[in-house]
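Counting starts at 1 for both ligands and their atoms, following the listed order.
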Amino acid sequence: MTAIQDSPVLSSLYQRSVADYWNAEKNPVNLRLGEVDGIYHHHYGIGEVDWSVLEGPEGSREERVTRELHRLESAQTEFLLSQLGPLKPEHRIMDAGSGRGGSSIVANLRFGCHVDGVSISESQVAFANEQARLRGVDDKVRFHFRNMLDTGFETGSFQAIWNNESTMYVELGLLFAEHARLLRRGGRYVCITGCYNDAYGLPSRAISQINAHYICDIHPRSTYFREMAANRLVPISVVDLTAATIPYWELRARTSLATGIEQPFLDAYNNGSFQYLLIAADRV
Ligand code: GPP
Ligand code: MG
């Protein structure tokens, strides 16, 4: 573990350990999928699986499965972006926890907007900026080694902000205070997240296993709504994507790309203790 004292970005040993994880991460389930079309995601998929990918010639099975998992992850991105409201090319939008840059680049291709992605992983920031350069969109899509809790960006400068599976790395009160500061009034906030279901009490064993695997801290569903209400973010839409993501995990569990975290996800989703939610909110 490297010291944090000299870092302008990392403010705790916890953040240092998260940055270390992502600086070292090279899972084939992320890199092989990204190579399909050059869009590198760090989130899961939604939608019906085409199970025929498991049939046919053994030699090309892995390639078919890789493409199918990537298709489902790309469908998740499209769904999230479709909730950001009407965006124009002159708008500026932010990807909080931007990973290898997939969602940001797709957002620029779709809306033509200026996109700023932030990550506490210097490796991810460098990788994502290289992807933007390769696509020729680096004049409008920029990735920054910054902390989403304290970005340093100008107050009221963003029309939309999203977190695609990155809220479980931060305290939501601090995150939403920064988002509320950055968004202009009438701007839109969207997150897709896994949260534990308060109706079942404290986190189940499977959720604890997911937390340990990624060094994250999955929040209860209630905390999202409490902290949004406290920070001028008023939900406009809540979509339970749990049933839509289970097929992705069932396919992933049956492939050589599996990382070992598939069964805890399936257990947590199937027993009702965990939910995969999209929440969209207006900044009022
Ligand atoms: C997936 O990233 C997302 C996270 C690590 C955050 C945890 C998400 C929850 C919904 C609890 P990834 O694509 O890098 O993960 P993997 O390597 O497993 O594909
Ligand atoms: Mg992944």
Side-chain angles (χ1 to χ4, degrees), residues 14-15 17-37 39-46 65-77 79-80 95-103 117 119-121 123-124 127-128 148 162-170 172 175 190-197 203-221 223-224 239-246 248-253 255-269 273-279:
Y14 170 71
Q15 290 174 7
S17 57
V18 171
D20 287 345
Y21 174 97
W22 291 108
N23 282 334
E25 188 274 336
K26 290 194 169 63
N27 286 337
V29 76
N30 297 318
L31 294 175
R32 294 293 89 74
L33 270 61
E35 286 159 11
V36 168
D37 61 1
I39 296 293
Y40 290 80
H41 296 304
H42 278 287
H43 56 258
Y44 312 124
I46 55 171
V65 170
T66 299
R67 286 180 172 278
E68 181 64 359
L69 288 171
H70 186 65
R71 185 182 71 78
L72 300 170
E73 292 186 1
S74 296
Q76 191 266 24
T77 309
F79 185 59
L80 188 158
D95 183 353
S98 47
R100 286 187 168 93
S103 300
S119 169
I120 60 169
S121 161
S123 305
Q124 285 190 332
F127 187 100
M148 66 170 103
W162 72 92
N163 285 97
N164 199 350
E165 296 184 15
S166 49
T167 49
M168 59 289 296
Y169 290 102
V170 292
L172 294 181
L175 178 71
V190 176
C191 69
I192 292 185
T193 189
C195 57
Y196 73 81
N197 185 354
S204 64
R205 178 190 179 106
I207 292 168
S208 301
Q209 289 169 325
I210 296 168
N211 280 337
H213 182 87
Y214 293 108
I215 327 175
C216 66
D217 187 5
I218 291 164
H219 303 294
R221 186 177 51 181
T223 306
Y224 283 88
V239 183
D240 186 348
L241 296 168
T242 309
T245 195
I246 287 174
Y248 165 88
W249 286 102
E250 286 173 338
L251 177 61
R252 188 169 144 154
T255 70
S256 59
L257 295 166
T259 61
I261 201 61
E262 290 73 19
Q263 200 54 50
F265 269 95
L266 286 165
D267 290 346
Y269 285 138
S273 67
F274 190 47
Q275 290 178 294
Y276 193 52
L277 289 192
L278 175 137
I279 307 171

How far is [atom] from the closest protein heavy atom, and which atom is that?
atom	result
atom 11 (C) of ligand 1	I218 CD1, 3.7 Å
atom 9 (C) of ligand 1	M168 CE, 3.6 Å
atom 13 (O) of ligand 1	N30 OD1, 2.9 Å

Do Q76 and H43 meet the criterion of a side-chain donor-acceptor pair at a distance under 3.5 Å?
-> yes
R100 and S119 side chains, donor-acceptor separation under 3.5 Å | no
For ligand 1, is any non-hydrogen atom under 4.0 Å from H43's backbone (N, CA, C, O), its side chain (CB onward), both, or neither?
-> backbone
For ligand 1, find out whether one of its N or O atoms is nearer than 3.5 Å to an N or O atom of W22.
-> no
Taking the minimum heavy-atom distance to [atom], which of [options] ranks first?
atom	options	answer
atom 18 (O) of ligand 1	Y44, Y276, Y214	Y214
atom 2 (O) of ligand 1	H42, R252, R100, E262	H42
atom 10 (C) of ligand 1	P264, G194, A258	G194

Decide side chain to side chain donor-acceptor pair (under 3.5 Å) for Q15 and Y169; before the verdict, give the C-alpha distance in whole Å, the side-chain angles of both, and the deciding distance to 0.1 Å.
-> CA-CA 8 Å; Q15 290 174 7; Y169 290 102; over 6 Å; no
Hey, is the Mg ion (ligand 2) within less than 2.8 Å of some N/O/S atom on N27?
-> no
Do R252 and T259 come close enough that some side-chain heavy atom pair is under 4.5 Å?
-> yes
Heavy-atom side-chain contact between N30 and Y40 under 4.5 Å | no
Against heavy atoms of E165, which atoms of ligand 1 measure under 4.0 Å?
-> 1 (C), 3 (C), 6 (C), 8 (C)
Which class fits the ring pair Y214 and Y44: parallel under 30°, tilted 30 to 60°, perpendicular over 60°?
-> tilted
So which heavy atom on Y224 is nearest to which on C195, and how close?
-> CE1-CB, 3.9 Å
